[in-house]
Structures are given as structure tokens and as C-alpha cells.
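Accompanying notes for the structure given below.
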Amino acid sequence: MAAEAEVLDELHRLRARVPQLTGALAASVDGLVLAHDTPGVEPEGLAALTAAALGVAVRMTDAAGRGELRELLLRGDHGYVATYAAGDSAVLTLLAQDRVNVGRLHLEGRRAGSRIGELMDAPPRPDDTAAAKAATKNAARSAAKTASAAPNTAPSAATTAISPQTPATATVRSTMPRRTPRTTTPRATPRTTPNTATTTES
């Protein structure tokens, strides 16, 4: 997204340098719009037609043995349509009035195409990488917060599984004193001894 914003700035500067330009568009070689400054012209249709024209132009240069395509210039009753290579994956299409200086148009178009190609083919900047890492960290934090709910419930389940054991041992201890009084009840036999003593005295 940062590269596309810089491409749009380059298009604005290009139109400021060449006042006879009525529109500028940067698109991929597949016909997808990257950035545009084309008032009154549909950018999606222009990008698609640019891709189609490039396909024919590339075949023509191959058939004629002219090497790789660098630029394409069309002239109509109301002006020019010029397309310039912009790196390996993009193209620059310019719309100009009929009174434009064609030499100046080519000069500025080639410079802008080279600049746009550098922007589009350049590796991601550290700022973009840092932003991507920050987004990954935020996603990891949210996943960790979601996962932290499960470990919180796990100890509670563990404690509920352990806590019944303590009451079980407590109940065993509480039953032990109830058995000891039963063993002491047979010791009440000394009551029969005084009865035997009184019988001997009589």
C-alpha cells in the first residue's frame, strides 16, 4: 500500500511537469489498476485495454525482431495515448493533448516509468515489515488471550478433581471415633463383680 501511494504521488508530479497531460495511470501487466489520475476516464477499462494493447505490441516487436517492448504511442484526433514499461510487472499509460511536445512526453514518461518500476519491484521496506510483524504480534496476542481461557478452566477442573479426596479422608477419620466407643462398652462388666462379692458375704 505504501508503494501505491508513492506511485500516485509520482503521477501527480508527472502531470504537474507536463501541463498537456490529461491523465496518467499505472497498472500491472495483467490489467489491474495500481494508481490513477485520470479525470473523466474509467481507470479499470483503460488498464484492461492497456494490457490488451501490450499483448499485441509485444507480439509485433517479437515478430519484427525489435527485442523487448519499451513503449507504445498511439495518436488520435484529440491527442496521444502513450504507454511505457515500468519495471517487470507494471506499465505507465499517459493521456496527452494533441499539442503536447512528443519529445518532452517521451522524456518524462520514460523517467516516470523507471521510477514507478523501482517502486513496484523494490522489496518491502523495514517499516512495512515492522508493520507486518506488529500485525502478526497482535494476532498472536489475541490468540494467546483466547487460549488463556482454557488453562484457567483446567486448574479449576484439577482442583475439583483433587478436592473430593480430602473430604473422603476426613470422613474416614470421623468414623474412627464412632468405633472406639463400641469397644469400650464391654468393659462395663465390673458391675457383675460387686454382685458376686455380696453373694459370698451372705
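Numbering starts at 1 and runs along the sequence shown.
- No single ILVMFWY cluster, assembled from side-chain heavy atoms under 4.5 Å apart, contains both Leu69 and Leu74.
- For residues 32-57, every residue pair satisfying the salt bridge (Lys or Arg N to Asp or Glu O under 4.0 Å) rule, not counting sequence neighbours, is listed here: Arg15-Asp37.
- To the nearest 0.5 Å, atoms CE (Met60) and CG (Leu54) are separated by 12.5 Å.
- Results of the side chain to side chain contact (heavy atoms under 4.5 Å, CB included) test with Leu92 over Thr50, Val7, Leu11 single out Leu11 as the only residue that passes.
- Under a hydrophobic clustering in which Ile, Leu, Val, Met, Phe, Trp and Tyr are joined whenever their side-chain heavy atoms come within less than 4.5 Å, directly or via other members, Val91 and Leu94 fall into different clusters.
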N/O donor to acceptor pairs below 3.5 angstrom from side-chain atoms of residues 18-36, sequence neighbours left out:
from: Thr22; atom 1: OG1; to: Leu95; atom 2: O; distance (Å): 3.3
from: Ser28; atom 1: OG; to: Asp30; atom 2: N; distance (Å): 3.4
from: Ser28; atom 1: OG; to: Leu32; atom 2: N; distance (Å): 3.0

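- The two residues Tyr80 and Asp98 have their closest heavy-atom pair at CE1-O, 3.7 Å.
- Annotation for Leu105 and Tyr84: closest pair O-OH, 3.5 Å, computed over non-hydrogen atoms.
- Here the shortest heavy-atom pairing between Arg104 and Arg17 reads NH2-O, 3.1 Å.
- By the neighbour-count criterion of 12 heavy atoms within 6.0 Å, atom CZ of Arg13 is densely surrounded, having more than that number from other residues, nucleotides or ligands.
- Of the possible polar contacts, none joining the Arg111 side chain to the Leu14 backbone as a donor-acceptor pair under 3.5 Å is found.
- With rounding to the nearest 0.5 Å, the separation of OG in Ser89 from CD1 in Ile116 is 11.0 Å.
- Within the 4.5 Å cutoff, the side chain of Glu4 has no heavy atoms near those of the Leu8 side chain.
- Distance check, rounded to the nearest 0.5 Å: CD of Glu71 to CZ of Arg110 gives 4.0 Å.
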